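Following: one structure in structure tokens, then a few remarks.
Since this is a predicted model, take the numbers as computed values, not measurements.
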Amino acid sequence: MSTSAAGGDGTETPSSLQSSGVPADRKGAPHRIEVDAVNAKAKRSGYAARVKIHPKRVSGRFRSIKWAVMIATLLIYYVTPWLRWTRPGDAPDQAVLIDFQTQRFYFFFIEIWPQEFYYITGLLILAAFGLFLINSVAGRIWCGYMCPQTVWTDLFIYVERFVEGDRNARLRLDKAPLSASKFIKRFIKHAVWLAIAVSTGGAWIFYFADAPTLARELVVLEAPVTAYFSMGIFTFTTYLLGGFAREQVCIYMCPWPRIQGAMFDEDSMAISYRDYRGESRGPHKAGTGWEGRGDCIDCRQCVAACPMGIDIRDGFQLECIQCALCIDACDAIMAKVGRPRGLIDYESEANLERLAKGEPRQSHILRPRTLLYAALIIGVAALMSLTLFTRSTLDANLIRDRNPVFVRLSDGSVRNGFTVRAINKLHETRQLTISITGLEGAIMTRGATHGSPDDLTIVVGPDATKAEKFYVSLPRAALAGTLKGGAANLVFVIQDPVTGQTITEKTSFRGPE
Amino acid sequence: MTDEIKSKDAASGSGGMETTGHVWDGIEELNTPLPRWWLWTLYACIIWAVGYMIVMPAVPFPTSDGWDYTKGLAGYSQRDVVRGEVAKSEASRAIFENRIASADLAEIRNDEDLLAVSLAGGAAAFGDNCAPCHGSGAQGFTGFPNLNDDDWIWGGSLDDIYQTIAHGIRWEEDDDTRYSEMPKFGVDEILEPADISDVVQFVLSLSASEHNAEQAVRGAVVFEDQCSACHGESGQGDRTMGAPNLNDALWLYGGDEAAITQTVTQARYGVMPAWQGRLGDATVKELALYVHALGGGE
């Protein structure tokens, strides 16, 4: 619609008028003005290509911490499925195992049944509050140090740096035409990446099956199709997210940077540039003084080191995962030029303001927000541990027949049916005795289909459940005196005579009103 | 382009980023371009969608015989999948069905696995075939026996129940059906109304229900002559001919004076179909075990 011409700001251009086909004799025709709409299409695209980031190697205290965390987290991830844990009976001896087939979750000495999945929910709640707490105290520690995306990207960048060299060498390699050496470097890099990706996907599936068995099956191509499929998906995503998507995941895919906006306040620590100290920035010549200028020599080492490719001196940003590598980069430069470290450092917004005004730094770690998160964590953890360590190895559910609610027998007595489902969490067979109490004159029997009608026990196998039917009947003579409004209280007692464990289940006996 | 919009003018509120010009409470809206790969993802999804429509069943179209649809190159059909699943489950069930068909009832009852399968199969078959008359909980209705209780007109052992289900009751198409017929004492004028009234009072007395003692004494004579051949000397009934026990508390057609009078006057003729031909022997066995396990089995 708007044809742009250079330098057009309302000047008349008769020549272009003629070239656009308007007859020269139309003297009275309006003059064309060279102007562009501010949002003219030609000026900007709605889409931006990713700018490849080549983080420069740094060393320093935070880099060391990050290496240590990376090694620790990767070790936990890869080694955990191979840990063994002796369990009685037929139970698997893998320390951490999510067993879909038998519907059990094993974690060292803990064994969780499907109906106890709330423990996992509790763990997730703990994890969430943990993130909230750490975020309000010290910012995106999770993002910067422990998030799998950060750890694996760090690992992939380490491989890239090892094969192709540091930032400048990689920039040169990118620009260089394809040669044998470039091809070999690229090939080695991608091969190692893929090897990491395959082992990442491989490790994942070991959490769901006996690791040594599955490993052997994988090699001899006898593993289930789902194993290969899951492994393939994880291999692909690891390779894609660690090798290519990297910071795009944090900026565009992950919701956490947005959520933590609500967790963050002026007292939260964050990677900050002390602009009051650094400005005004500019190159510094060795031997000259530092009066009348800031400590920032504008060397841009902080930008070159940043795996997100941002400039921390622009202030607090969504893109910043707070990995602290810019602190290491800047500290090294400050040491070189003889200025104190910490021009870029962990600092809260409130302290930045105080320090800028020359006031002393204040620490506000204990504040309502952090205290609340800490209290919630302690509360949930205490509740979970309490229920986890006091839970019984014997459980029972009692289901009374509802269709029909009661049956009248030929001798005029009334019978109710009950199903007792016993849950044995021990790895040995148990015989449980079932009895009733609380209802005068009531008699408990088994149906004739049961092998021995007078046998009032349930034999439940190791680590299993067993449901059995029991009948309670009340003689005709006892009916009128016992039933109030067609119902009376009844208590089932399920007992293991060996361990002495007893479960009482309250229910009601129903009859005619 | 990134360089162009990302100036280093830190003094500006938006950090030098391009904004849309929209401001709410002093917060400016940045005008950040969408990542290019996001666009590629959209294109990839579109290509996937088109490919999916070609490969999988997708587009409906009308024909002269009604609606049809494009079948897709892969030849996938959810109906085929279901048919396959059903066939698979039938094949896995067949192992048990064959064992149930060849085993006798006592064997099944003593085999924990077979019994569990039979009870589950019996419950399903009961719901499909028996529940309309006997109720979903087998609790019965007037004229249709409650199968949970311990009162059995034709017998409550496994074999008796099996026989009843297999061949039915008064089901004329089945030669082995259970058969008996009570005379219509009133309708066919075998007894005078006064005799009927007397014998009803006697029957009421058998189960210790409220009754007229004077009439009952006269009724005892009538009972002896007319009823005891089937229902027994003391009214205990006879399962071999489906004559109910009159001493107990349970009444198929009601136990009050009016209901018993009606029974004596016009008799009862309850009919149950024979199921063996319709359901097959294995299912009838499963049903017998299921009914036996309802609580009243003998």
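- Within residues 113-135 of chain B, the residues having any heavy atom closer than 4.5 Å to a heavy atom of chain A are L115(B), listed by residue number.
- Annotation: the span from F406(A) atom CZ to N148(B) atom CG amounts to 11.5 Å, rounded to 0.5 Å.
- With respect to chain A, the highest number of heavy-atom pairs below 4.5 Å among A293(B), G296(B), G297(B), G137(B) belongs to G137(B).
- For a heavy-atom cut-off of 4.5 Å, chain A lies close to Q139(B), N146(B) in residues 138-146 of chain B.
- With a threshold of 4.5 angstrom between heavy atoms, R476(A) approaches chain B through side-chain atoms but not through N, CA, C or O.
- Dense packing is recorded around OH of Y76(B), with more than 12 heavy atoms of other residues, nucleotides or ligands lying under 6.0 Å away.
- In terms of heavy-atom pairs under 4.5 Å with chain B, the best-connected choice from T445(A), V407(A), L409(A) is L409(A).
- For residues 245-260 of chain B, heavy-atom neighbours of chain A at less than 4.5 Å comprise D248(B), A249(B), L250(B), sorted by residue number.
- In the displayed structure, R178(B) atom CZ is contacted under 6.0 Å by more than 12 heavy atoms of other residues, nucleotides or ligands.
- Within 6.0 Å of CZ on R402(A) lie no more than 12 heavy atoms contributed by other residues, nucleotides or ligands.
- Taken to the nearest 0.5 Å, the CG atom of L39(B) stands 4.5 Å off from the OH atom of Y47(A).
- For a heavy-atom cut-off of 4.5 Å, chain A lies close to no residue in residues 154-164 of chain B.
- Separating the CZ atom in R50(A) from the CH2 atom in W37(B) is a distance of 10.5 Å, to the nearest 0.5 Å.
- Taking CG of D149(B) as the start and OG of S413(A) as the end, the distance is 10.0 Å to the nearest 0.5 Å.
- The local environment of CZ in F244(A) is crowded, with over 12 non-hydrogen atoms from other residues, nucleotides or ligands closer than 6.0 Å.
- In W48(B), the CH2 atom is not crowded: 12 or fewer heavy atoms of neighbouring residues, nucleotides or ligands sit closer than 6.0 Å.
- With a threshold of 4.5 angstrom between heavy atoms, Y471(A) approaches chain B through side-chain atoms but not through N, CA, C or O.
- Only the side chain of R415(A) comes within contact range of chain B, with heavy atoms under 4.5 Å apart.
- In this structure, the side chain of D150(B) engages the main chain of S410(A) through a donor-acceptor pair within 3.5 Å.
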